Amino acid sequence: MSTPSQSTSLPSQFTPAEVEGPLYERWIERGYFTADPSSNKPPYTIVIPPPNVTGSLHLGHALQHSIMDALCRRKRMQGYDVLWLPGMDHASIAVQNLVERHLAETEGKGRFDYTREQFIDRAWDWKNEYGGKILGQMRRLGEGVDWSRERFTMDSHLSRAVQTIFKRLYDDGLIYRAERIINWCPRDLTSLSDIEVDHADEPGELVSIRYGSLDGGANSIVVATTRAETMLGDTAVAVHPEDERYQHLIGTTVPLPLTNRQIPIVADEHVDPSFGTGAVKVTPAHDPNDFEIGQRHSLPSLTIMDERAVITVPGPFEGLDRLEARSAVVAALREEGRIVAEKRPYVHAVGHCSRCDTIVEPRLSLQWWVRVETLAKAAGDVVRDGRIEIIPESMTPRYFAWVDGLRDWNISRQLWWGHRIPVWYSPDGSETRCLGPDETAPEGWVQDADVLDTWFSSALWPFSTMGWPEDTADLRKYYPTSVLVTGYDILFFWVVRMTLFGLYAMEDVQPFDQVLLTGIVRDAHGKKMSKSRGNVVDPLVWMDAYGADAVRMSLLQGANPGADQAVNEEWVVGARNFCNKLWNATRFAMLNGATVAGELPSDLSGADAWIISRLNGVISEVDDLYERYEFAKMADLLYHFAWDEVCDWYLELSKVTLADEATAPATRRVLGEVLDTLLRLLHPAIPYVTDALWPTLTGGQSLVIAAWPVSDTGRIDKDAEAEIADLQAVINEVRRFRSDQGIRPSQRIPAQLTGLATHEAAVRTLLRLQEPEADFAATASLTTSTGVVVELDLSGTIDVAAERARLSKDLAAAQKELVTNAGKLGNESFTGKAPEDVIAKVRSRAEAAEAEIARIDAALAALPDA
RNA sequence: GUCCCGUUAGCUCAGCUGGUUAGAGCGGCUCGUUUACACCGAGUAGGUCGGCGGUUCGAAUCCGUCACGGGACACCA
């Protein structure tokens with residue numbers, strides 16, 4: 001350590017705006033955040049969940065990034081070779097929507113007014129503009145990411161990784177093309193995976209329609225539906241095989257109303273005989289369940305709508321939108337007298353496109369699929385056998401529920417922005433070929449028009465970013481990553497898929513050892529932040545007002561594992577105040593000659609020994625809390641240690657020892673030690689303020705590369721802690737007495753102290769008690785719980801009523817304590833069954849309560865009559 | 001419908017492998033220019049721990065049940 005600076009030039013307030021920018025520049029210039037696979041330090045790796053290039057970071061990102069930065073900074077200080085890899089996701093459908101909207105607004109054109117190439121160029125322009133905004137926010141927050149390894153899911157190398165794994169899966173038979181019912185968005189004109197569909201309960205209307213003869217006889221059947229227009233595509237009516245009402249109809253046909261088609265009546269287990277009439281119309285091309293029934297009974301699938309959900313069946317309904325068609329069909333059926341029961345309100349779940357909220361249309365379509373069965377089994381096993389640990393553990397059932405029930409994954413999207421499916425078709429369509437990144441298609445062959453689901457490339461993120469499929473130094477050193485930090489809301493979207501593909505691509509090595517799931521950041525009243533509610537907070541606004549450290553600290557203070565957290569501006573204000581407190585504590589230390597030079601004296605006493613003891617205890621606690629990802633508790637511990645113990649007690653007590661040349665040198669060294677260590681401990685959470693102070697205090701380079709404190713258990717001194725606890729008790733009790741008596745805090749009072757073994761100077765200074773002079777005459781006296789008698793010379797009479805009230809209150813508390821504990825001791829069940837140590841504890845508490853009662857009784861008796 | 005989480009001070013949350021007078025931050029009230037900090041200091045008020053029942057010597061903590069809130073998944077026309 002170089003010569004400590006005695007600079008006292010610190011201003012009396014911390015101003016984040018002046019510190020943050022230059023400090024971040026310095027960290028980057030010095031290359032502190034650049035990982036070095038050739039170093040022999042052990043690796044610690046986190047890949048950032050790539051934010052969508054759709055705009056800006058929200059508070060949820062700020063929380064996760066604060067956590068990741070804290071983890072990485074601590075590990076770096078502990079001597080690890082840390083790789084924190086940043087990047088962004090191309091977010092296929094989300095970005096395409098935004099670019100379409102943007103073009104519509106600025107140029108008044110739709111997607112199909114552009115060629116595919118033109119549109120993709122526009123999307124890249126958009127990415128370059130908004131991506132930069134996100135990176136700026138990350139710098140502002142102080143994130144120690146390795147910018148030399150920044151990645152984007154559509155970088156050429158990552159695209160090669162996508163194509164490579166696609167081909168491997170294809171060659172292994174794990175990717176196939178098939179016609180199935182998929183979720184189709186008639187606005188975005190693309191298929192959607194199940195998790196891109198949000199279900200919402202909505203009121204609908206159930207209409208009952210009579211198929212077959214109109215006389216109500218045995219050769220007719222009534223079905224109920226909320227989607228009357230789909231009857232145009234019915235190819236059967238299904239009933240339960242054991243439904244006695246319909247036995248005679250099974251195997252027969254009925255004419256489909258409004259058309260000339262005959263459709264069969266089939267028996268299928270899927271039908272619930274207790275619902276409605278127990279008969280279901282079957283539209284295989286427009287309903288997933290009906291499709292399955294259709295498969296079981298070899299029914300034809302009739303597609304009756306086009307991509308925009310407009311009816312294509314020739315006739316009166318052709319050209320109508322599905323909703324217009326619904327009422328038109330009902331009207332036509334009513335005219336024929338086929339509406340049996342009028343519309344009945346019926347609430348049912350309706351699927352909406354999670355990106356544009358349009359009602360999803362189930363549609364029969366030719367798409368690409370990943371066969372997930374074996375992959376999902378492996379992804380489940382890796383958590384079951386503990387190779388991946390999910391934190392908090394309570395989230396694991398949800399993980400299993402997902403992987404164990406995983407259905408084949410529809411990976412093709414009818415979009416332009418994304419990775420194009422690497423499959424080519426021969427000119428006559430007779431041949432299909434999947435190509436790797438270094439292969440080219442024969443002349444005249446045409447590439448599949450679709451792109452891949454965004455999550456396909458995101459699933460490769462932990463290894464595609466490190467150079468896979470090449471065998472790179474980064475991959476060898478940094479894979480598998482140490483911990484994945486993300487919100488529980490994308491456990492399924494992303495975490496599961498990374499696990500599937502990581503195990504597949506990386507020879508059964510999991511992509512991360514741990515998954516740390518954070519909660520959702522909510523507004524001050526626990527409501528989800530959303531644009532429609534108008535309660536979204538831009539982290540930049542708070543950073544501008546209170547500094548990045550304050551935002552980080554307040555988020556960490558609320559970060560309990562897996563739990564959602566409400567944040568409000570008052571917390572950020574409090575965290576800002578804390579940073580300023582730390583600033584001024586360090587300033588005080590430096591003004592008083594704090595030093596880090598030389599060994600810490602081994603024979604410390606009093607407050608010095610106490611605070612060093614506490615400091616070492618706190619170091620171990622902080623380590624433990626970090627290992628358990630208990631950020632809220634870690635932040636709370638350091639907050640209270642710094643504020644309550646260091647600032648409110650130790651700094652005040654140090655003023656006494658600093659005033660005495662005999663004790664001042666040790667205290668200066670201890671002050672230096674305490675502030676030095678405290679700044680190190682806080683640096684991962686609040687990097688700016690700590691690293692603005694620390695080099696000035698210690699003469700060191702930067703906290704980023706400073707060593708993480710190690711607890712010295714030899715410094716734990718229970719005697720010193722007890723000694724200061726007694727001192728605090730005396731001071732607290734006299735302060736309370738003074739306050740109850742209405743004595744102003746600054747008023748100096750002559751006092752006689754007896755029974756105080758040590759620290760008389762501290763007691764007098766902190767309590768503003770003067771030495772008794774010749775004319776000293778005690779007018780008030782109190783005996784503290786530690787047996788110290790304090791006699792005070794108050795100029796006036798004391799407020800006997802106030803004092804009596806105070807003592808009575810204490811007495812009541814002590815009596816309650818005695819009753820509780822003596823009651824337990826008198827209970828044979830308790831003394832017979834409770835463990836010995838609990839009984840001993842209760843006994844000593846009872847005794848302490850008795851002593852307290854005696855003391856207070858005496859004090860009350862000593863009071864003059866009112 | 002299945003599953004998960006929550007219900008503790010005015011607000012937001014800790015505490016819950018059962019055993020201090022149930023804690024913190026913010027907010028409230030009183031006092032205060034004590035030379036690090038008013039982005040401060042000292043003091044203080046405030047809770048029958050959602051309801052009911054059970055287990056236990058002992059329950060905020062364990063079990064059952066109900067109510068309310070949040071969420072995930074699956075959905076029958």
Side-chain angles (χ1 to χ4, degrees), chain A residues 10 12-14 194-195 199 206 208 223-227 230 238 270-272 274-283 287 289-290 346 348-349 394-395 397-398 401-402 405 488-489 491-492 520 522 524-528 546 550 554 557-558 560 562-571 573-592 632-633 636 639-640 647-648 651-652 655 732 735-740 742-748 765-766 768 812-814 816-817 820-821 824 827-835 837-839 841-842 845 849:
Chain A
L10 290 178
S12 65
Q13 265 195 11
F14 168 53
D194 290 345
I195 49 181
H199 291 274
L206 202 58
S208 296
V223 299
T225 182
T226 54
R227 299 203 55 199
T230 62
H270 168 77
V271 179
D272 175 1
S274 66
F275 184 90
T277 58
V280 185
K281 57 188 279 306
V282 181
T283 321
D287 182 280
N289 292 307
D290 290 5
Y346 178 71
H348 61 140
S394 61
M395 292 285 180
R398 283 166 67 169
W402 184 256
Y488 65 74
D489 51 334
L491 182 65
F492 317 127
I520 308 287
R522 297 167 176 275
H525 297 287
K527 297 291 178 208
K528 214 167 185 170
Y546 308 107
S554 60
Q557 284 178 300
N560 289 302
D564 290 352
Q565 58 180 300
V567 293
N568 65 49
E569 196 161 351
E570 282 68 41
W571 290 25
V573 171
R576 185 274 313 265
N577 295 350
F578 175 71
C579 292
N580 193 55
K581 188 76 181 172
L582 193 62
W583 179 272
N584 276 291
T586 309
R587 183 162 163 259
F588 170 85
M590 288 194 286
L591 285 166
N592 286 283
K633 291 183 177 60
D636 187 64
Y639 179 97
H640 286 287
C647 292
D648 288 347
L651 295 191
E652 293 306 320
K655 289 173 183 172
N732 285 337
R735 273 178 178 164
R736 189 176 159 205
F737 175 84
R738 288 184 57 130
S739 181
D740 287 347
I743 301 165
R744 282 182 292 109
S746 60
Q747 188 181 332
R748 295 182 175 278
T765 305
L766 269 61
R768 321 233 158 242
K816 182 181 173 189
E817 174 79 350
T820 303
N821 290 288
K824 286 179 181 176
N827 181 339
E828 284 178 19
S829 299
F830 174 76
T831 50
K833 295 184 182 178
D837 60 321
V838 172
I839 295 172
K841 207 164 164 184
V842 169
R845 292 188 52 184

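Keep in mind it's a predicted model, so treat the numbers as computed, not measured. Reminder, nothing fancy here: chain letters follow the sequence lines and each chain counts from 1.
- Under the Watson-Crick and G-U wobble criteria, each requiring two contacts below 3.5 Å, nucleotide B:rC31 is paired to B:rG41.
- Base pairing annotation: B:rU55 forms no Watson-Crick or G-U wobble pair, as no partner gives both donor-acceptor distances under 3.5 Å.
- Nearest-nucleotide assignment on RNA chain B puts the 5′-proximal partner with A:A814, out of A:E828 and A:A814.
- In this structure, A:I520 atom CD1 and B:rG6 atom P are separated by 16 Å, rounded to whole Å.
- Pair assignment for B:rG1 gives B:rC73, based on Watson-Crick or G-U wobble hydrogen-bonding distances that are each under 3.5 Å.
- Between the C1' atom of B:rC11 and the CD atom of A:E570 lies a distance of 9 Å, rounded to the nearest Å.
- When the P atom of B:rA14 is taken as reference, atom NE2 of A:H640 falls 15 Å away, rounded to whole Å.
- Between atom CZ of residue A:R768 and atom CZ of residue A:R744 there is a gap of 12.0 Å, rounded to the nearest 0.5 Å.
- Distance A:W402 CH2 to B:rG71 P: 18 Å, rounded to the nearest Å.
- Within the 4.0 Å cut-off from OP1 or OP2 of B:rU20, at least one side-chain nitrogen or oxygen of A:R845 is found.
- Atoms CZ (A:F830) and P (B:rG58) sit 11 Å apart, rounded to a whole Å.
- Here the shortest heavy-atom pairing between A:S208 and A:A224 reads OG-CB, 4.0 Å.
- Across all strands shown, B:rC49 forms no Watson-Crick or G-U wobble pair with both key distances under 3.5 Å.
- Using a 4.0 Å heavy-atom criterion, one finds that A:D272 contacts the bases of the nucleic acid, with or without backbone contacts as well.
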List the protein contact pattern of nucleotides 34-42 of chain B with one symbol per nucleotide (5' to 3'): B for base contact, S for sugar-phosphate-only contact, - for none; contact means a heavy-atom distance under 4.0 Å.
B-BB-BSBS
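- A distance of 11.0 Å separates CZ of A:R587 from CG of A:N592, quoted to the nearest 0.5 Å.
- In this structure, of B:rA77, B:rA72, B:rU20, it is B:rA72 that holds the atom nearest to the side chain of A:R398.
- The two residues A:N580 and A:F14 have their closest heavy-atom pair at OD1-N, 3.0 Å.
- When heavy atoms are screened at a 4.0 angstrom cut-off, A:V223 is found touching no nucleic acid atom at all.
- Within the nucleic acid shown, A:N568 has no heavy atom closer than 4.0 Å to any nucleic acid atom.
- Smallest separation of non-hydrogen atoms from A:A632 and A:N560: CB-OD1, 3.3 Å.
- Judged by closest nucleotide on RNA chain B, A:A401 is the one of A:H270 and A:A401 placed further toward the 5' end.
- Taking all atoms of both residues into account, the shortest heavy-atom contact from A:V271 to A:V280 is CG1-CG2, 3.7 Å.
- Under 4.0 angstrom from either OP1 or OP2 of B:rG15 there lies at least one side-chain N or O belonging to A:K633.
- Using a 4.0 Å heavy-atom distance criterion, A:Y639 is classed as a sugar-phosphate-only contact.
- Base pairing of B:rG23 is made with B:rC13, judged by Watson-Crick or G-U wobble geometry with both donor-acceptor distances under 3.5 Å.
- Between the CD atom of A:Q565 and the P atom of B:rG25 there is a distance of 18 Å, rounded to whole Å.
- Between atom CG of residue A:D564 and atom OH of residue A:Y488 there is a gap of 3.5 Å, rounded to the nearest 0.5 Å.
- Remark: A:K655 pairs with A:F588, A:E652 by the side-chain contact (heavy atoms from CB on, under 4.5 Å) rule, at least two apart or across chains.
- Using the Watson-Crick or G-U wobble rule with both distances under 3.5 Å, B:rG6 pairs with B:rC68.
- Following rounding to the nearest Å, A:W571 (CH2) and B:rG27 (C1') show an atom-to-atom distance of 14 Å.
- To the nearest whole angstrom, the two P atoms, one in B:rC4 and one in B:rC63, are 12 Å apart.
- One can place CD1 of A:I743 at 14 Å from P of B:rU44, the figure rounded to the nearest angstrom.
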